[in-house]
Every structure is written in C-alpha cells, then in structure tokens.
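Written out below as structure tokens is the structure these notes cover.
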Amino acid sequence: MDPTLEIFSQGAEIVTGQTVDTNAAWLSEHAVNMGLTVTRHTAVGDKLDDLIALLREISIRADCCICTGGLGPTSDDLTAEAVAKAFDLPLEYDAVAFEQIKRFFALRNREMPDSNRKQAMFPKGAERIDNAWGTAPGFSLQAGRCWFAFVPGVPSEMRHLFLESIQPTLASRFLLQPDRLITIRTLGIGESAIQQCIGAIELPDHVYLGFRASPDDVQTKLLFPQNYPEAAMTALVDKVAAALGAHVFDIDGLGQASGDLAFTVGQLMAAGKHTLAVVETASQGLLAAKCLGAQWLLESRYQQSLEKLGQSLAITLNADDLPSSAQAIASEIYQTGSAEFVLVQLYSGDDKTFHDKDQAIILYNILLTGDGSHQTTHSVAGPIERKQNQAALLALDLLRRYLQHKEF
C-alpha cells in the first residue's frame, strides 16, 4: 500500500475564501506522481487550539504531512507554537536560521524588525529547511506515525522548498511505486461526447479512467499501475486517442515534451520553421497573448470594427459575407506581408450579442497557406470571457490541425 499523505493549509485567508489554496492542488499533483496516496486536504484558520488538535489527529492517521502557512513573523503565524504544544516540544532558538533571516534583509538594504526573530524558533528536535527565497525557514520532524514538513504559504517559496528539500526526503524515507498517468488533451469535444466515443473500449483491470474539463481543454486521464507492460499501455492509449480523432492535440505522460494547445502549436511551428500573421476580432488579442514570445508569430492585428479593418488594409469588406471577407483579408496580408501562413478570425453578431451570455456568436476562421485556404466555423456561447478564450483556442486549433494533417 502506498504511503498516505495529508496536506494541511493554515490561514484565516484560506478558510474565509480570500485566498484560493493553490498550494494544496500543486502539492497533491506532485505527491501523487511520486507514488504517495493523498488522503485529505484540510484548511484551518489562525486558532491555536484547532491547529493543535489537527496536528495530533494527523500524527496518528497519516504517514506524512505537508503543512503550508503560519511561519511568518506576525501574531497570527502560529504553526511553530502549535507544533510545540501539540507534541510537547519546547521552542528552541536556531542561530543559523536567524543569521539567514538577517542576511535576507541586509541584501535588500532593509532593517529587520524585531518580530522576525520569531521565525528562528523551532520545536525541539526539528530539522531546519533553509529558505533562500523568503524570510521564513521551514522545518520538519517526526511525531507519532507521521513525518511532518512545514513550509511557508507563499507559493513560490513553498514550491522551491518542496522540490529541493521535501521531495528528495520523501523519496528516501518511503518506498514509492508511482503509477503512470497518461493524459489525452482534446479541444472541441465535451466530456459526455468523449465518454460516448470511447465507451466501447474495454479497460483492463487496475487501469482507471477519469476526465477533467478546463477552460482550455478536456483531459481524458488513464492511470496505469506501476510495471504495466509498456507495449500494452501504448496500444490502449493509441486506441483511445484514435477514437477521439482530430480533437486530440496532445498526449502527456509518454515521455515527450507536452503542454497546452499553444505549446503544441509552438512545437509544430518551430519544427517546420513556419511563420504566421494573425488577424483577431472576437479573441481581442488573446490569441497573440497565448503565443507570447513566439518568434514564429510575425504579426498580430486586432480590430473591433470590420470597416476599420478594411480601411487599414485598403480593401472593401462585406459584413454580410464574412467568409469572403476573411478570405479577402487573408489574401491581402499574404500578398503584402512576409509570413508563410495567415490566420484570420471574424465573427457574426453585434456587440450586444457578444456580451450576452445567453446568445451565441458564429466564428469564421480561415488559414491561408501555400497550398490553399482552410476554414472552420463554430458557434460559441457563454460569458464574454468564454467567447474570447474559445475564439483564440479555436483559431489556433485550425492551425494545429493543418500542421498535424488532421481533418478540419
């Protein structure tokens, strides 16, 4: 049985909803990938008795626990005190930690407040976890059944301490046998449709199927036990991907570099040494933002008004025939510019329709390449933010399908 891990988040800002606990999600993903079984996420406010009670509970039922938050210098940072009282371990001064805290302030030409001395006090027997990214060192200790690691709640600091100190320690303390997670990423198809497409595929025992929908894709997850035959795993993944067809844009977990749709498009564009010019309307610059830093994106234009877009290109456009207008725009930019591909996105529907979550807009995407033009049409509804995001993704997906030689 895999070792059990609990994640314990401290802070009134978390339990009151002022701060979203992204730390717990990040830690869970990394812990599961290591082979740990995450059994609970618990959040507690800044109440000493509640912290003490939870620490004692966890020490009995879990093999390990990562606690985030409560290591700061202020009166509401109670983690070290709670640990000391929960396990009858008096707080002791750590001179090395204090020098590290002083140096942090000195390097920034700031005077260290007296309250920061509190951050150098650890429960007796605890091992210090050095923090080069903030003033709060972490610490770890064994209490009862459980090995505890306490780290700051600041996400950047927490992640550094986990990757550099906690992860190696967990790997050395426990016999970990991680499962193999394969994630098939799709666009333009929902969870229920995915289920229908792959419903006839029989999954072997101990292979688990799951789904996750996000604003940018829908992920089909296959979890394989350790030592599952590689050939059989690959064959099953290929079978599921084939059933989902051209909607699949990436498969994560097979050893190759993978990522979101923009990453996939970027890899394909770079591999083919292609260049692109883009015209955006509904996505309002978000398409270009998703490709931030891409050298292959030579040009991006955004215009709310089709009339003004035509004026900027010195061509006449017909608002009643958007596919022809998109073709005319693409042809003009292709002839006068230097990009190998031109991607044009237009939409039908007035400003009221665009802002109305109950009304759909019709997207027209045209990709002009050296071998002709390729187009897609989509209906997109929902809040304005969803329409903007979907417009960017669906335009990029047309480019992706062309580069991967998939059907449109």
Side-chain angles (χ1 to χ4, degrees), residues 184-194 197 212-220 244-250 259-269 274 276-292 294 296-297 299-304 306 309 322-327 329-330 333 339 341-349 353-357 359-369 372-408:
I184 302 172
R185 298 174 183 262
T186 54
L187 184 69
I189 184 171
E191 290 175 273
S192 56
I194 291 174
C197 287
R212 178 179 180 269
S214 77
D216 287 358
D217 61 24
V218 177
Q219 300 173 10
T220 302
L244 300 178
H247 295 291
V248 176
F249 68 81
D250 181 78
D260 59 13
L261 179 62
F263 175 86
T264 299
V265 170
Q267 294 288 97
L268 293 166
M269 291 291 287
H274 305 299
L276 177 70
V278 169
V279 174
E280 302 184 58
T281 54
S283 58
Q284 300 188 2
L286 184 59
L287 192 160
K290 288 181 180 291
C291 304
L292 185 65
W296 46 264
L297 182 59
E299 178 184 357
S300 177
R301 304 174 187 228
Y302 161 60
Q303 285 282 0
Q304 274 191 315
L306 188 65
L309 180 57
L322 291 185
S324 296
S325 293
Q327 182 70 52
I329 293 167
I333 294 175
F341 302 150
V342 179
L343 180 60
V344 176
Q345 166 210 102
L346 301 180
Y347 75 97
S348 68
T353 301
F354 192 59
H355 284 79
D356 188 343
K357 65 181 178 61
Q359 297 291 320
I361 61 172
I362 306 300
L363 290 170
Y364 299 95
N365 295 317
I366 285 185
L367 175 66
L368 187 60
T369 67
S373 63
H374 316 274
Q375 52 190 303
T376 56
T377 304
H378 303 276
S379 176
V380 178
I384 186 172
E385 296 85 0
R386 181 180 187 277
K387 288 172 179 168
Q388 181 194 27
N389 191 55
Q390 286 293 300
L393 292 171
L394 291 168
L396 269 180
D397 197 51
L398 171 57
L399 177 60
R400 186 272 303 178
R401 289 177 184 237
Y402 172 79
L403 294 170
Q404 289 184 335
H405 310 290
K406 301 286 183 69
E407 63 183 19
F408 301 110

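This chain uses plain numbering: 1 for the first residue, then up along the sequence. Just so it is clear, the values below take in all heavy atoms, side chains as well, and ignore hydrogens, waters and symmetry mates.
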Value rounded to 0.5 Å, distance of [atom1] in [X] from [atom2] in [Y]:
X	Y	atom1	atom2	value
Thr369	His374	OG1	NE2	3.5 Å
Phe263	Lys290	CZ	NZ	15.5 Å
His405	Glu407	NE2	CD	14.5 Å
Phe408	Gln375	CZ	CD	10.0 Å
Leu399	Leu343	CG	CG	6.5 Å
Leu368	Tyr402	CG	OH	10.0 Å

Do the side chains of [Y] and [X] get nearer than 4.5 Å, heavy atoms only?
X	Y	value
Leu398	Leu394	no
His274	Leu403	yes
Thr186	Phe249	no
Leu322	Leu306	yes
Leu363	Thr377	no
Ile362	His378	no
Cys291	Trp296	yes
Gln359	Phe354	no

For a quick test of reading the model, state the closest non-hydrogen atom pair linking [X] to [Y] and the distance between them.
X	Y	value
Ala277	Ile333	CB-CG2, 3.9 Å
Val218	Ile189	CG2-O, 3.5 Å
Val265	Arg400	CG2-CB, 3.7 Å
Gly259	Thr264	O-OG1, 4.1 Å
Cys197	Leu244	CB-CD2, 3.9 Å
Val342	Ala330	CG1-CA, 3.8 Å

Please enumerate all residues that pass salt bridge (Lys or Arg N to Asp or Glu O under 4.0 Å) together with Asp217, with sequence neighbours excluded. Arg185
Salt bridge (Lys or Arg N to Asp or Glu O under 4.0 Å) with Glu299: which residues, sequence neighbours excluded? Arg301
Check the pair Ser348, Ile361 against side chain to side chain contact (heavy atoms under 4.5 Å, CB included), reporting the backbone distance first and the verdict last. CA-CA 6 Å; Ser348 68; Ile361 61 172; 5.7 Å; no
Would you please say whether a donor-acceptor pair under 3.5 Å links the side chains of Ser324 and Gln327? no
Please determine, by modelled atom types, if Gln303 and Thr281 share a side-chain donor-acceptor pair under 3.5 angstrom. no
Could you walk me through whether Ile184 and Gln219 pass the side chain to side chain contact (heavy atoms under 4.5 Å, CB included) check? CA-CA 6 Å; Ile184 302 172; Gln219 300 173 10; over 6 Å; no
Checking side chain to side chain contact (heavy atoms under 4.5 Å, CB included) against Val344, which of Asn365, Val278, Leu367, Ile329 comes through? Ile329
Look at the side chain of [X] and the backbone N and O of [Y], then say whether any donor-acceptor pair between them is shorter than 3.5 Å.
X	Y	result
Asp216	Leu261	no
Gln388	Ser283	yes
Glu280	Ser300	no
Lys387	Asp356	yes

Does His247 have any ring pair (Phe, Tyr, Trp, His ring centres under 6.0 Å) partners at least two apart in sequence or in another chain, and if so, which? none
Are there more than 12 heavy atoms of other residues, nucleotides or ligands under 6.0 Å from atom NZ of Lys357? no
